[in-house]
Amino acid sequence: MKSCFLRLRLSLRPFLRLLSSPRPSAMLSAVVLLSVGPSVAAPPPWDPARAAGLAAWTWAAPQGVDLPGARLRMRRFRAPMAPADAARQLARAGASRFDRVQFSGAVLSLSGVYEGQHWLAQLRPADDGGAGTIGLLSSLGPADRREAGFNPAELAPVDARPVLRASSRLAGATGLVASYLCPGSYPRVAAAVRRALWARHWRPVAVPGAGAAAPGAVKGLADPVAGEWSRPDGARLTVHLYARADAVTLTFWHRPKESS
């Protein structure tokens, strides 16, 4: 194993620098840079499953998460060789995406910055004890363009504080979840959200047998806001409100079109 790691260092020396001094990880540095620096136009995403030398690997479906001002992309993979050899092929196929290598126990990590994207690959021996490698490839970059036709901030009260925004893009659908902490009473927040929904052509969906109040809801209010809403273009929206001591937690779950 030591000789394998030594060959890896020698073969990647032209474009890999060992992490010899304490510094934040590449992904943590990316979050700091994206929060304080100007946005950079994101290049088209690199598809490692089609790259030379990596196409024979087994790749899971890509996943994505929207963060404040940034987008995190992740993709799991399995390679039929040892982690050191897999890291060598990945670094070669990734052009200049990786310029650092780090070992932490059985995990081998490659990281770097390329065209505004911060890259991290974590590789470790397969769990079945064979010669293969399992790993996770992730990239962090500026946020993508907002989902067309939907901005959750337009539905929240003006004094609401955003606490979460995340979306998952699997198969052909995109689901977006956004949460806000809204100061004030439940009736005040519910009334503001109701007005915003109707003004943007959202209409409540009658759910058969839905007579029980949702957890955290305030009883006795007509035309409850919490529940399912739809729009003429087929989009669906789930609204959830939870009353707290002096505020209300408001959550939206948006789907561009209800899957059939």
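Just the heavy atoms: all of them, side chains too, but no hydrogens, waters or symmetry mates, feed the values below. Treat the numbers as computed from the prediction; the structure is a model and nothing was measured.
Rounding to the nearest 0.5 angstrom, the gap separating the CZ atom in Phe252 from the CG atom in Leu197 is 6.0 Å. Taken from OG in Ser139 to CE in Met74, the straight-line distance is 9.5 Å, to the nearest 0.5 Å. To the nearest 0.5 angstrom, Leu72 atom CG is 9.5 Å from Leu120 atom CG. A distance of 10.0 Å separates OG1 in Thr251 from CG in Leu181, rounded to the nearest 0.5 Å. With values rounded to the nearest 0.5 angstrom, Ser138 atom OG is found 10.0 Å from Arg76 atom CZ.
By the 6.0 Å contact criterion, CG on Asp246 is open, its count of non-hydrogen atoms from other residues, nucleotides or ligands being 12 or less. Taking a 6.0 Å sphere around CZ of Arg244, one finds it holds 12 or fewer heavy atoms contributed by other residues, nucleotides or ligands. Heavy-atom contacts from other residues, nucleotides or ligands closer than 6.0 Å to CZ of Arg200 number more than 12.
Classification of the His254-Trp202 ring pair by plane angle, with boundaries at 30° and 60°, yields perpendicular.
Phe103 and Leu108 get closest at one heavy-atom pair: CE2-CD1, 3.4 Å. Residues Pro125 and Ile134 share a closest heavy-atom pair of O-CG1, 4.0 Å. Across every non-hydrogen atom of Arg78 and Trp57, the tightest pair is O-CB, 3.4 Å. Taking each heavy atom of Ala87 and Leu123 in turn, the nearest pair found is N-CD2, 3.8 Å. Taking each heavy atom of Phe98 and Ala121 in turn, the nearest pair found is CE2-CB, 4.0 Å. Trp59 and Pro48 make their closest contact through CH2-CB, 3.6 Å (heavy atoms, listed as atom of the first residue, atom of the second, distance).
Without hydrogens or angle criteria, Arg236 side chain to Pro256 main chain gives no donor-acceptor distance under 3.5 Å. Arg165 places no side-chain N or O within 3.5 Å of a backbone atom of Leu176 that could act as its donor or acceptor partner. Looking at Thr133, its side chain does come within 3.5 Å of a backbone N or O of Met81 through a donor-acceptor pair. No donor-acceptor pair closer than 3.5 Å links the side chain of Arg97 to the backbone N or O of Gly112.
Follow the hydrophobic side-chain contacts under 4.5 Å out from Val177 and you never reach Leu241; the two are in separate clusters. When the side chains of ILVMFWY residues are joined at heavy-atom separations under 4.5 Å, either directly or via intervening members, Trp198 and Val193 end up in a single hydrophobic cluster.
Screening Ser111, Ser109, Pro83 against Gln122 for a side-chain contact (heavy atoms from CB on, under 4.5 Å) leaves a single residue, Ser109.
A cation-pi contact, defined as under 6.0 Å to the ring centre and within 45° of the axis, links Arg255 to Trp253.
A 4.5 Å side-chain heavy-atom check between Leu250 and Pro157 finds at least one atom pair inside the cut-off. Side chains of Arg231 and Leu237 form no contact here, defined as non-hydrogen atoms less than 4.5 Å apart. In this structure, the side chains of Tyr180 and Pro152 come closer than 4.5 Å at one or more pairs of heavy atoms. Side-chain contact between Trp119 and Leu137 is present, with at least one heavy-atom pair separated by less than 4.5 Å.
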Worked check of side-chain contact (heavy atoms from CB on, under 4.5 Å) between Val239 and Arg194 | CA-CA 10 Å; Val239 180; Arg194 183 186 299 110; over 6 Å; no
